[in-house]
Participant: 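My questions will all concern the structure given below.
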Amino acid sequence: MNRSFVVPRAVGAAPAVSDPSRHPVAPGGSAPARARARAEAPALGTAVGKAILLGEHSVVYGHPAIAIPLHGLGVRVEAERIPDAADTSSMLDSRLFTGPLDQAPERLRPAVEAIRAALNAVDADAAVRVHVRGDIPAERGLGSSAAVAAAIVTAVCAVFGRSLDEPERHELIQTAERAAHGTPSGLDAHTVVADGPIWFHGGIVERLAVAAPMTFVVADTGVAGGTRAAVTGVRSRREADPERIDALLAALGDLAETGRHALARGDSVHVGVAMTQAHELLGMLGVGHPQLDMLAAAALAAGAHGAKLTGGGLGGCVLVLARDTEHAVSVERGLREAGAAETWITTVEETP
Ligand code: PMV
């Protein structure tokens, strides 16, 4: 499938995040009946996919990173109280599995953890049914687990009348992310609810200045990535050879700094150069894959400014910086001819 989308320029509240005030309220009836209807109406939570522009893996060790939300890929969750079922198990309804939480397959552990963390946070007095749908491919480095967790915690808390502030929501997403891949940096958890590109350093998120629009192509190798395995692999290689691995991680952090300045100048050539260098360093870190190298090479052959793997690696996607929107379409064609399983185009607009 070939899909294109544009990252909107909007600033302010992330459109992806649910607003509990939007819950349908049944008209008429007594005040308690209206309150009951409101409590029983499904609550909504949404979140989007993400791509890491620079700084994956090094961000786990405190170096800075840049990530962009992919507003064309999303997750939508509806949660509702199960009536009169205080002592029954909560239920998950997803494309992979429908049933009680304690019977969900291991793959859905992050979603299960997100539901449990949210129920715990609101001292829930009832079980919930949580319906999850979305189009962010799993295990492709596009933030699917964090987006599912973000949408779940927002919806489940809203069922009990709680809207989460930013730190609370982040902590609940991180609880689920820890189940997904051990030691998450927090970059994904922030980006899947962001409204534009972010700079993330030492746990602090800043909106990133971008002086000119930049159009990216995301291309899926079709090979499942493995964030947990990749992060664990980097950790053990670092234990075996700290000097070499720390130098690679520091160089990746420096490239994020380079990228930040280039974005602020609107200098897409140097953003691209930093991306291509990062791809090489990530390969040296041991998180590459021949299919990622092949797609990155195809993008450069098609005249892209830069190309790199994005996310945990060992498979998953490449992120490519095209010259402009028209060029992105021809790069996309080249990537598909080279064997990309799926492609998306996204434009990061200049910040006002
Ligand atoms: O593969 P993803 O989309 O979950 O991205 C992982 C990014 C890492 O830097 C490798 C890990 C992290 O926690 O930041």
Side-chain angles (χ1 to χ4, degrees), residues 47-70 73-75 107 109-111 113-114 134 136-150 170-171 173-194 198-205 216 218-221 223-238 245 248-253 255-256 259 275 278-279 281-289 291-292 308-319 344 346:
V48 298
K50 69 98 221 301
I52 299 177
L53 178 56
L54 289 160
E56 50 273 272
H57 288 289
S58 44
V59 69
V60 175
Y61 297 88
H63 296 288
I66 297 171
I68 55 177
L70 301 174
L73 290 177
V75 177
R107 241 185 110 179
R109 210 168 117 225
E113 292 296 327
I136 309 173
E139 300 177 321
R140 294 298 192 275
L142 298 182
S144 134
S145 68
V148 167
H170 182 72
E171 196 36 51
I173 304 170
Q174 283 291 84
T175 303
E177 282 288 87
R178 281 182 207 109
H181 55 83
T183 53
S185 64
L187 177 63
D188 284 19
H190 282 295
T191 316
V192 297
V193 292
I198 64 167
W199 171 257
F200 180 77
H201 193 188
I204 311 277
V205 184
F216 295 90
V218 179
D220 185 0
T221 56
V223 178
T227 305
R228 182 185 276 275
V231 170
T232 308
V234 170
R235 190 176 309 120
S236 53
R237 283 187 283 282
R238 183 168 181 258
I245 298 300
L248 288 172
L249 295 170
L252 284 164
L255 287 173
M275 289 170 66
H279 181 77
L281 296 179
L282 288 163
M284 291 160 75
L285 210 51
V287 298
H289 187 280
Q291 289 298 109
L292 291 165
K308 63 181 280 289
L309 71 85
T310 185
L314 300 178
C317 293
V318 291
L319 180 67
W344 302 266
T346 185

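Given the structure is predicted, the values throughout are model-derived calculations rather than measurements. If you read the sequence from its start, that first residue is 1, and numbering goes on from there. We count ligands from 1, going down the list as the structure has it; atoms in each ligand are counted the same way.
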Participant: Taking only non-hydrogen atoms of Glu177, do any sit less than 4.0 angstrom from ligand 1?
Facilitator: no
Participant: With atoms numbered from 1 as shown, which atoms in ligand 1 lie under 4.0 angstrom from a non-hydrogen atom of Glu56?
Facilitator: 9 (O)
Participant: Relative to the heavy atoms of His57, which atoms of ligand 1 are at a distance of less than 4.0 Å?
Facilitator: 8 (C), 9 (O), 10 (C)
Participant: Quick one: does any side-chain atom of Arg140 pair with a main-chain N or O of Ala219 as donor and acceptor, under 3.5 Å?
Facilitator: no
Participant: What atoms of ligand 1 come closer than 4.0 angstrom to any heavy atom of Val59?
Facilitator: 9 (O), 14 (O)
Participant: Is it the case that ligand 1 has an N or O less than 3.5 angstrom from some N or O of Gly311?
Facilitator: no
Participant: Among side-chain atoms of Ser144 and Glu139, is any donor-acceptor pair under 3.5 angstrom?
Facilitator: no
Participant: Compare all side-chain heavy atoms of Pro110 with those of Val148 and state whether any distance is below 4.5 angstrom.
Facilitator: no
Participant: State, with a plain yes or no, whether a side-chain heavy atom of Thr310 is found less than 4.5 Å away from one of Glu56.
Facilitator: yes
Participant: Is there a heavy atom in Ile52 that sits closer than 4.0 Å to ligand 1?
Facilitator: yes
Participant: Against heavy atoms of Gly312, which atoms of ligand 1 measure under 4.0 Å?
Facilitator: 1 (O), 2 (P), 5 (O), 6 (C), 10 (C)
Participant: With heavy-atom distances below 4.5 Å as the criterion, would you say the side chains of Leu252 and Leu54 are in contact?
Facilitator: no
Participant: Using a strict 4.0 Å cut-off to heavy atoms of Lys50, name the atoms of ligand 1 that fall inside it.
Facilitator: 2 (P), 3 (O), 5 (O)
Participant: Crowded around Arg178 CZ? As in, over 12 foreign heavy atoms under 6.0 Å?
Facilitator: yes
Participant: Which of the numbered atoms in ligand 1 are under 4.0 angstrom from any heavy atom belonging to Pro184?
Facilitator: 13 (O)
Participant: Using the six-membered ring wherever Trp is involved, compare the ring planes of Phe200 and His190 and label them parallel, tilted or perpendicular (cut-offs 30° and 60°).
Facilitator: tilted
Participant: Could you check atom 1 (O) of ligand 1 against the protein and tell me its nearest heavy-atom contact, residue, atom and distance included?
Facilitator: Thr227 OG1, 2.6 Å
Participant: Considering only protein heavy atoms, which is closest to atom 14 (O) of ligand 1, and at what distance to one decimal place?
Facilitator: Ser185 OG, 2.6 Å
Participant: Please write down residue, atom name and distance for the protein heavy atom closest to atom 4 (O) of ligand 1.
Facilitator: Asp188 OD2, 3.1 Å
Participant: Looking at non-hydrogen atoms alone, which of Val60, Val234, Leu142 comes nearest to atom 11 (C) of ligand 1?
Facilitator: Val60
Participant: Run the contact test for Gly143 against ligand 1 with a 4.0 Å cut-off on heavy atoms, strictly below, and give the result.
Facilitator: yes
Participant: Run through Val48, Val192, Ile136 and flag the one making a side chain to side chain contact (heavy atoms under 4.5 Å, CB included) with Leu73.
Facilitator: Ile136
Participant: Any side-chain heavy atom of Ile204 within less than 4.5 Å of one from His201?
Facilitator: no
Participant: Closer than 4.0 Å to some heavy atom of Gly141 - which atoms of ligand 1 meet that?
Facilitator: 1 (O), 2 (P), 3 (O)
Participant: Looking at Thr221 and Gly316, would you say the former's side chain and the latter's main chain have a donor-acceptor pair under 3.5 Å?
Facilitator: yes
